[in-house]
Novice: 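Okay, handing you the structure first.
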Amino acid sequence: MGHMPGPRRGLSPRVVASLDAARAVSAIYVVLHHLRTSYSALDRFGYSLRFGQEAVLVFFLLSGFVIFANEKQRALRPRGYFLRRLRRIYPPLLVAMLVSTAVALANHDLATQFTQRSFWGTLLSVQDVSALKPGVITDPYLGNDPLWSLSYEIAFYIIFPLVLRAWTRREAITNHGVGLLCCLLYVAFVLHPNHFLLVGAYFLVWWAGAMAAEAYLQGGDSVFSMLPTLGWLLVLTAIAVAVAVHLGIRSVGYYPALPARHFAVAALMLVIFFSPLGRALGGVSLRVQRPAVAIASISYGLYILHFPLLIKWHGAHSAAGFCAGVVLLIVLSYLTERQLPRLLPKAPRN
């Protein structure tokens, strides 16, 4: 088995506030990151808004942390678990696809932008951004680039119960097995670029978030409490850095440097979470908890809807149109995340 656990605890108010604040800040940052590329007024922020991909990695870590904390026992009964995950992620995805379609119609370019491959690929969750990496099956539907991460997230949801069942029986062996397998999958991806190999390699980031939750719930108060998963994440980072150096770095925003950035940032975020800085940030989060909760509650909607409404929509590229787009984004995000779930059949809680 792994480390000797301390007394088990629930999530403290500080940690809950930190999770909400991280979701809120990450969602807003991704929006600003994309706005910077389309609106010259944000050029003054320059380099500070160039890390949108890293903000998405925060989402992966948060997802692993929260789902493990909430579903550790329930995910062993896959039917209810999959229905809850399906209910959570798919209806907003369909809304995002409808909004993207409406924007393309308003722009009068649906006929030129639409492809069967991206439509069905996004519905089947195999989309990614081909401009940034090799081995992509299809780009996101109608160029709604933030949807790339949902193909990873859905794959992680599917993998989790299988890994969890093994982990409950052989914790240490499973942690080492996941780490080793993800490293091997990344090497296989480098040799033969393939979407599924890359998604499998990235599962280690999500699993690291899950193991951070387990370490915290068991009373761990330092990053060493979640070894060996962090160790394997560092190994994966080292492999990605070596690959980037070997293949040559044309830009840190593209493969082969991009995965190295991702893995390194994920490891850094975990170190910060267990550090005095992380505890200090948790205290700050408590002081801004109310607005953070409000934004976090619609963060998924903001993430998947901002690109068509504020970037792709031609009407948003004027002062009045941009204001209308922001209002529409907030309203649709609220309706998608807060009201739509009330209309859906309830998933079993167990």
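One is the number of the first residue; the rest follow in order along the sequence. Keep in mind it's a predicted model, so treat the numbers as computed, not measured.
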Novice: Can you tell me how far CG of Leu329 sits from CG of Leu305, rounded to the nearest 0.5 angstrom?
Specialist: 6.5 Å

Novice: Do the side chain of Glu54 and the main chain of His262 share a donor and acceptor less than 3.5 angstrom apart?
Specialist: no

Novice: Is there a side-chain contact between Leu247 and Tyr255 in this structure, where contact means two heavy atoms from C-beta onward sitting under 4.5 Å apart?
Specialist: yes

Novice: When rounded to the nearest 0.5 angstrom, what distance separates CG in Leu184 from CG in Leu236?
Specialist: 10.5 Å

Novice: Between His33 (side chain) and Ala55 (backbone), is there a donor-acceptor pair under 3.5 Å?
Specialist: no

Novice: Counting the benzene-type ring for Trp, do Tyr202 and Tyr186 have ring centres under 6.0 Å apart?
Specialist: no

Novice: Could you go through Leu57 and Met269, starting from their C-alpha distance and side-chain angles, then the distance that decides it, and tell me whether this counts as side-chain contact (heavy atoms from CB on, under 4.5 Å)?
Specialist: CA-CA 9 Å; Leu57 268 289; Met269 290 298 102; over 6 Å; no

Novice: Would you say Pro256 and Val190 make side-chain contact, with heavy atoms under 4.5 Å?
Specialist: no

Novice: On a heavy-atom basis, which atom in Ile304 and which in Asn144 lie closest, and how many Å separate them?
Specialist: O-ND2, 2.9 Å

Novice: How far apart are the closest heavy atoms of Pro259 and Ala240, and which atoms are they?
Specialist: C-CB, 4.3 Å

Novice: Indicate every side-chain donor-acceptor pair of residues 152-165 with a distance under 3.5 Å to a residue at least two apart or in another chain.
Specialist:
residue, atom, partner, partner atom, Å
Tyr152, OH, Asp128, OD2, 2.6
Glu153, OE2, Ser63, OG, 2.2
Glu153, OE2, Tyr157, OH, 3.3
Glu153, OE2, Trp206, NE1, 3.4
Arg165, NH2, Leu76, O, 2.7

Novice: Which residue, Tyr303, Phe307, Tyr29, forms the ring-ring contact (aromatic ring centres under 6.0 Å, His included) with His34?
Specialist: Phe307

Novice: Quick one about Asn175 and Trp232 (side-chain donor to acceptor, distance below 3.5 Å, no hydrogens or angles considered), yes or no?
Specialist: no

Novice: Would Leu98 and Leu124 show up in the same hydrophobic cluster when neighbours are defined by side-chain heavy atoms closer than 4.5 Å?
Specialist: no

Novice: Just wondering, do Phe196 and Val126 contact through their side chains at under 4.5 Å, heavy atoms?
Specialist: yes

Novice: For residues 280-296, please give each side-chain donor-acceptor pair under 3.5 Å, one per line with the distance, not counting sequence neighbours.
Specialist:
residue, atom, partner, partner atom, Å
Ser285, OG, Leu281, O, 2.9

Novice: Looking only at atom types and distance, does a side-chain atom of Glu337 sit under 3.5 Å from a main-chain N or O of Ser299, one as donor and one as acceptor?
Specialist: yes

Novice: Would you find a donor on one side and an acceptor on the other, under 3.5 Å apart, between the side chain of Arg349 and the backbone of Arg74?
Specialist: no

Novice: Check for me, please, whether Ile137 and Trp120 land in the same ILVMFWY cluster - side-chain distances under 4.5 Å, paths through other members count.
Specialist: no

Novice: Report yes or no: do Met97 and Phe114 belong to one cluster of Ile/Leu/Val/Met/Phe/Trp/Tyr joined by side chain heavy-atom distances under 4.5 Å?
Specialist: yes

Novice: Test: ring-ring contact (aromatic ring centres under 6.0 Å, His included). Region: residues 273-295. Which pairs qualify, not counting sequence neighbours?
Specialist: Phe65-Phe273

Novice: Distance check, rounded to the nearest 0.5 Å: Leu344 atom CG versus Leu86 atom CG?
Specialist: 9.5 Å

Novice: Identify the two heavy atoms, one from Ala266 and one from Val205, that lie closest to each other, and give their separation to 0.1 Å.
Specialist: CB-CG1, 3.8 Å

Novice: Please confirm whether the backbone N or O of Asp139 pairs with a side-chain atom of Gln127, one donor and one acceptor, at under 3.5 Å?
Specialist: no

Novice: Does some side-chain heavy atom of Leu335 sit less than 4.5 Å from a side-chain heavy atom of Leu340?
Specialist: no

Novice: Ignoring hydrogens and geometry, is there a side-chain-to-backbone donor-acceptor pair from His192 to Ala188 under 3.5 Å?
Specialist: no

Novice: With distance as the sole test, does Asn107 use its side chain to make a donor-acceptor pair with the main-chain N or O of Asp109 at under 3.5 Å?
Specialist: no

Novice: Going by the rule side-chain hydrogen bond (donor to acceptor under 3.5 Å, both in side chains), which residues pair with Arg279 if we only count those two or more places apart in sequence or in a different chain?
Specialist: none

Novice: How close do Leu147 and Ala96 get, heavy atom to heavy atom, and via which atoms?
Specialist: CD2-CB, 4.3 Å

Novice: Do Ile89 and Leu93 touch side chain to side chain, with heavy atoms closer than 4.5 Å?
Specialist: no

Novice: Does NZ or CZ of Arg79 come closer than 6.0 Å to the centre of the six-membered ring of Phe82, within 45° of the ring's axis?
Specialist: no

Novice: Look only at the side chain of Ser275 and the backbone of Ile272, and say whether a donor-acceptor pair between them is shorter than 3.5 Å.
Specialist: yes

Novice: Same hydrophobic cluster for Phe60 and Leu185, using side-chain heavy-atom links shorter than 4.5 Å among ILVMFWY?
Specialist: yes

Novice: Any side-chain heavy atom of Pro341 within less than 4.5 Å of one from Arg87?
Specialist: yes

Novice: Any chance you could measure Leu328, atom CG, to Ile330, atom CD1, to the nearest 0.5 Å?
Specialist: 10.0 Å

Novice: Run Glu71 and Arg85 through side-chain contact (heavy atoms from CB on, under 4.5 Å) and show every step you take.
Specialist: CA-CA 10 Å; Glu71 298 273 12; Arg85 292 297 94 210; 4.2 Å; yes

Novice: Where do Met211 and Leu270 land on the side-chain contact (heavy atoms from CB on, under 4.5 Å) test, with the steps shown first?
Specialist: CA-CA 10 Å; Met211 290 300 94; Leu270 291 170; over 6 Å; no

Novice: Are Leu332 and Ile28 connected in a single hydrophobic cluster, I mean Ile/Leu/Val/Met/Phe/Trp/Tyr linked by side-chain heavy atoms less than 4.5 Å apart?
Specialist: yes

Novice: I want to check something: taking the side chain as every heavy atom from C-beta on, are Val252 and Leu258 in contact at a cut-off of under 4.5 Å?
Specialist: no

Novice: For the CH2 atom of Trp167 and the OG1 atom of Thr174, what is their distance to the nearest 0.5 Å?
Specialist: 9.0 Å

Novice: Heavy-atom count around Tyr254 OH within 6.0 Å, excluding the residue itself: above 12?
Specialist: no

Novice: Taking only residues two or more places apart in sequence, or in another chain, which ones meet Ser12 in a side chain to side chain contact (heavy atoms under 4.5 Å, CB included)?
Specialist: Arg14, Val15, Tyr216

Novice: Looking at Ser26 and Arg23, would you say the former's side chain and the latter's main chain have a donor-acceptor pair under 3.5 Å?
Specialist: no

Novice: How far apart are the closest heavy atoms of Thr101 and Tyr141, and which atoms are they?
Specialist: OG1-OH, 2.8 Å

Novice: Looking at Val235, Leu204, Thr237, which one forms a side chain to side chain contact (heavy atoms under 4.5 Å, CB included) with Phe263?
Specialist: Thr237

Novice: Between Leu309 and Phe322, does the side-chain contact (heavy atoms from CB on, under 4.5 Å) criterion hold? Intermediate values first, please.
Specialist: CA-CA 9 Å; Leu309 290 173; Phe322 181 78; over 6 Å; no

Novice: Does a side-chain heavy-atom distance below 4.5 Å link Lys72 with Glu214?
Specialist: yes

Novice: Between CG of Leu32 and NE2 of His306, what distance do you get to the nearest 0.5 Å?
Specialist: 9.0 Å

Novice: With distance as the sole test, does His195 use its side chain to make a donor-acceptor pair with the main-chain N or O of Val136 at under 3.5 Å?
Specialist: no

Novice: Ser118: which residues meet the side-chain hydrogen bond (donor to acceptor under 3.5 Å, both in side chains) condition with it, sequence neighbours left out?
Specialist: Thr115

Novice: Looking at Leu302 and Val31, what are the two nearest heavy atoms and their distance?
Specialist: O-CG2, 4.2 Å

